[in-house]
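Worksheet for the structure shown next.
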Amino acid sequence: MSYIDWIVLISTLLLIVLYGIYKSRGSRNIDGFLLANQSLPWYHVGLSVMATQASAITFLSAPGQAYTDGMRFVQFYFGLPVAMVVLCITFVPIFHRLKVYTAYEFLENRFDLKTRALTAFLFLLQRGLSTGITIYAPSIILSTILGLDIRATTLFIGFLVIIYTVYGGTKAVSYTHMLQMGIIFMGMFVAGYMVVHLLPEQVTFVDALKLAGKSGRLNVVDWNFDLSNRYNVWSGLIGGFFLALSYFGTDQSQVGRYLSAKSVSESRLGLIMNGLVKIPMQFLILLVGALVFVFYLFHSAPLQFNPNERNKILQSEHAAEYLLLEKNYNELSIEKGRQAEHLVSAMHTGTEQQVEIHRQALNDAQHKADNIRKASKELMMKSDASSDTDDSNYVFLTFVTSYLPKGLIGLLIAIIFLASMGSTASGLNSLASTTVVDIYKRLIYKNGSDHHYLSASRWSTIGWGVFCMIVALFANRLGNLIEAVNILGSLFYGTILGIFLVAFYFKQIKGQVVFFAALIAEALVIMSYIFDLTAFLWLNVIGCALVIMISFMLKPFIKPRPDQG
């Protein structure tokens with residue numbers, strides 16, 4: 001990067017951190033640290049909810065996902081708006097009425113302490129692992145740009161976020177989220193414009209969309225019902241609904257965002273805002289990835305987008321074989337560009353038959369290129385079995401650093417950093433609040449002062465920050481990060497949601513029953529994933545349904561304790 005890019009990057013990051021610390025001054029009690037004294041308006045809540053989801057993973061991996069697999073991933077979010085409506089009617093007023101710090105406090109009142117502790121533990125496990133992944137994503141950027149060991153960049157990013165999360169708590173997180181989302185929206189629109197601007201002069205935006213479509217990258221909707229297919233309308237509407245309902249209704253990283261609102265109505269408006277904006281936002285991010293695919297039809301794409309893995313194999317005994325594959329791949333890139341130009345010309349002035357001929361020729365060239373990429377990955381694994389061959393996380397980063405003008409590179413890199421900082425800070429804040437309120441305050445030290453619990457919250461934030469950095473050091477094994485983080489959530493969210501739904505709607509089920517039902521359901525969900533019985537989104541439905549069904553099956557055999565009625 002140029003000096004201008006570094007100035008833009010560092011200035012933007014400092015602005016965000018200092019702004020959050022300044023706006024959060026005065027967080028001197030646990031209510032202020034964890035809930036921002038319930039003082040935030042709806043638009044703060046909505047932007048904070050969105051920023052918690054929109055980690056660096058979104059802006060690194062989603063364009064790469066569209067580049068390699070098309071835009072069908074957007075179906076993942078189809079159930080989200082319906083989930084927002086359900087949450088506004090049910091979860092939000094209950095949590096506000098009970099005046100809780102975390103979602104899991106409610107479960108002790110409804111069931112018992114061990115059910116509360118189990119649910120909190122499941123949340124802490126999955127959120128701690130997921131937050132570690134969000135720290136890893138921007139570490140990729142620093143490692144790639146500076147040529148540093150990714151372990152060093154991981155530790156740097158982790159410590160940077162810990163500093164302002166520990167100092168300011170929820171209020172710092174929320175205020176930085178609001179500024180972050182404004183910069184992020186602006187930057188992604190600019191990125192989309194620049195992709196089209198850098199295409200050959202004769203290729204218009206409409207042409208780019210047609211090329212993406214004819215190359216299978218605008219596969220937005222798939223109506224086929226297939227339990228093994230990760231992304232179709234049905235998995236998105238049903239599995240995505242259950243995942244969103246659990247994520248926004250029971251995950252403290254989200255519950256903590258809307259519990260900080262001034263009132264129930266402000267929380268509801270914030271969630272509705274998220275439901276309305278999230279799908280268009282994700283669609284546009286994926287569209288940028290599809291347009292990057294079109295861009296690389298006219299420009300030579302790297303055989304391996306991850307420069308670290310490329311450098312590693314070039315230093316191995318298989319370097320000559322890899323360079324030969326790279327030479328063949330570059331020759332095919334020239335052929336792809338020629339066929340893409342012919343296809344655009346045919347779309348402008350040719351017949352449908354000519355368009356189909358050139359479309360098939362382009363797809364044949366792309367298929368040959370894909371086979372060479374596959375062969376290169378097999379060679380990398382042959383050279384080193386620990387190689388990270390999934391380079392989709394590097395596609396958008398490579399485009400940004402290679403083709404965008406000075407200054408804009410720094411801004412877009414800053415956007416990815418901001419997204420990571422926002423979602424990581426939310427994760428650390430929710431981990432700290434759950435640890436202190438649901439575990440430490442309830443099971444370990446029950447009669448401490450408000451100042452003591454504030455101090456415990458800050459130390460807990462530091463502890464979880466260290467844990468998440470350790471997770472991040474091993475995240476390179478997970479493939480595409482946006483898929484990895486959602487798979488991880490799906491392993492736990494269904495069970496957690498099932499516990500809450502039993503609590504809300506099946507009053508005859510008591511704590512002893514739901515506790516054992518949740519343990520059995522979670523074991524079955526993990527087994528379903530291990531044996532690959534279904535696409536991961538359906539695990540959210542399965543986990544939730546199992547908790548409810550097993551609870552009713554166990555009810556005749558497990559009598560409630562006297563204190564449960």
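Small disclaimer: the values here were computed from a predicted structure and weren't measured.
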Handout entry: Derivation and outcome, side chain to side chain contact (heavy atoms under 4.5 Å, CB included), residues W234 and W223
Key = CA-CA 7 Å; W234 310 110; W223 289 99; 3.8 Å; yes
Exercise for the section: Report the C-alpha distance between N224 and D226 in whole Å, list the side-chain angles of each, state the deciding distance to 0.1 Å, and finish with yes or no for side-chain hydrogen bond (donor to acceptor under 3.5 Å, both in side chains). Expected result: CA-CA 6 Å; N224 293 320; D226 182 357; over 6 Å; no
Exercise for the section: Test N486 against F536 for side chain to side chain contact (heavy atoms under 4.5 Å, CB included), laying out the working first. Expected result: CA-CA 8 Å; N486 286 302; F536 74 87; 3.9 Å; yes
Practice task
Give the C-alpha distance, both sets of side-chain angles, the deciding distance and a yes or no for side chain to side chain contact (heavy atoms under 4.5 Å, CB included) between T495 and C544.
Solution key: CA-CA 5 Å; T495 301; C544 180; over 6 Å; no
Exercise for the section: Kindly indicate, with the supporting measurements, whether the criterion side chain to side chain contact (heavy atoms under 4.5 Å, CB included) is fulfilled by V513 and F111. Expected result: CA-CA 9 Å; V513 172; F111 294 128; over 6 Å; no
Problem - Chi angles and distances behind the side-chain hydrogen bond (donor to acceptor under 3.5 Å, both in side chains) call for H96, S263 - result: CA-CA 8 Å; H96 269 276; S263 64; over 6 Å; no
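One N or O on the side chain of Q75 and one on the backbone of D222 form a donor-acceptor pair closer than 3.5 Å. S246 places no side-chain N or O within 3.5 Å of a backbone atom of L243 that could act as its donor or acceptor partner. With hydrogens and angles ignored, the 3.5 Å screen pairs no side-chain donor or acceptor of S460 with any backbone N or O of A456. Looking only at distances, a side-chain donor or acceptor of S528 sits under 3.5 Å from a matching main-chain atom of L524. Put simply, the side chain of D69 never gets that close to the backbone of A66: no donor and acceptor are under 3.5 Å apart.
Using a 4.5 Å heavy-atom threshold, the side chains of R268 and P93 count as touching. Residues I162 and L428 form a side-chain contact, since some pair of their non-hydrogen atoms from C-beta on lies under 4.5 Å apart. Between Y231 and V74, every side-chain heavy-atom pair lies at or beyond the 4.5 Å cut-off. Side-chain atoms of I279 and P81, non-hydrogen and from C-beta on, do get closer than 4.5 Å to each other. The side-chain heavy atoms of M527 and I530, taken from C-beta on, include no pair separated by under 4.5 Å. Residues I520 and L546 are not in side-chain contact: their nearest non-hydrogen atoms beyond the backbone lie 4.5 Å or more apart. Using a 4.5 Å heavy-atom cutoff, the side chains of K555 and Q508 are in contact. You'll find the side chain of P63 reaches within 4.5 Å of the side chain of I285, heavy atoms only.
Among all heavy-atom pairs drawn from M84 and N274, the shortest one is SD-ND2, 3.6 Å. Nearest heavy atom pair, residue R110 against residue F506, reads NH2-O, 2.7 Å. A pairwise comparison of heavy atoms in Y445 and G448 identifies CE2-CA, 3.3 Å as the closest pair. Between A62 and L286, the shortest heavy-atom distance links the atoms O-CD2, 3.3 Å. Taking both residues in full, the closest heavy atoms of L80 and K278 are given as CD1-CG, 4.0 Å, listed atom of the first, atom of the second, then distance. Closest of all the heavy-atom pairs between G543 and V525 is CA-CG2, 3.5 Å.
With ring centers used as reference points, F106 lies under 6.0 Å from F504. Not less than 6.0 angstrom separates the ring centroid of F248 from the ring centroid of F91. Checked against the 6.0 Å centroid criterion, the rings of W538 and F225 qualify as a close aromatic pair.
Distance check: S392 OG to Y67 OH gives 11.0 Å after rounding to the nearest 0.5 Å. The distance from the CD1 atom of I439 to the OG1 atom of T434 is 8.5 Å, given to the nearest 0.5 Å. Distance check: L118 CG to D438 CG gives 12.0 Å after rounding to the nearest 0.5 Å. In this structure, CG on D112 lies 9.5 Å from CG on L107, to the nearest 0.5 angstrom. One finds the NZ atom of K114 at 6.0 Å from the CZ atom of F515 (value rounded to the nearest 0.5 Å). How far CG of L129 is from CG of L124: 10.5 Å, rounded to the nearest 0.5 Å.
With 3.5 Å as the limit, one finds no donor-acceptor pair spanning the side chains of T424 and T131.
Ring planes of F123 and Y104: tilted class, angle from 30 to 60°. Using a 30° and 60° split on the angle between ring planes, Y493 and Y247 fall in the tilted class, from 30° to 60°.
In summary, E105 and R442 do not engage in a salt bridge, as defined by a charged side-chain N under 4.0 Å from a carboxylate O.
Remark: K441 is positioned above the aromatic ring of Y453, its terminal NZ or CZ atom under 6.0 angstrom from the ring centre and at most 45 degrees off the axis.
For F121, the CZ atom counts as loosely surrounded, since its 6.0 Å shell holds 12 or fewer non-hydrogen atoms of other residues, nucleotides or ligands.
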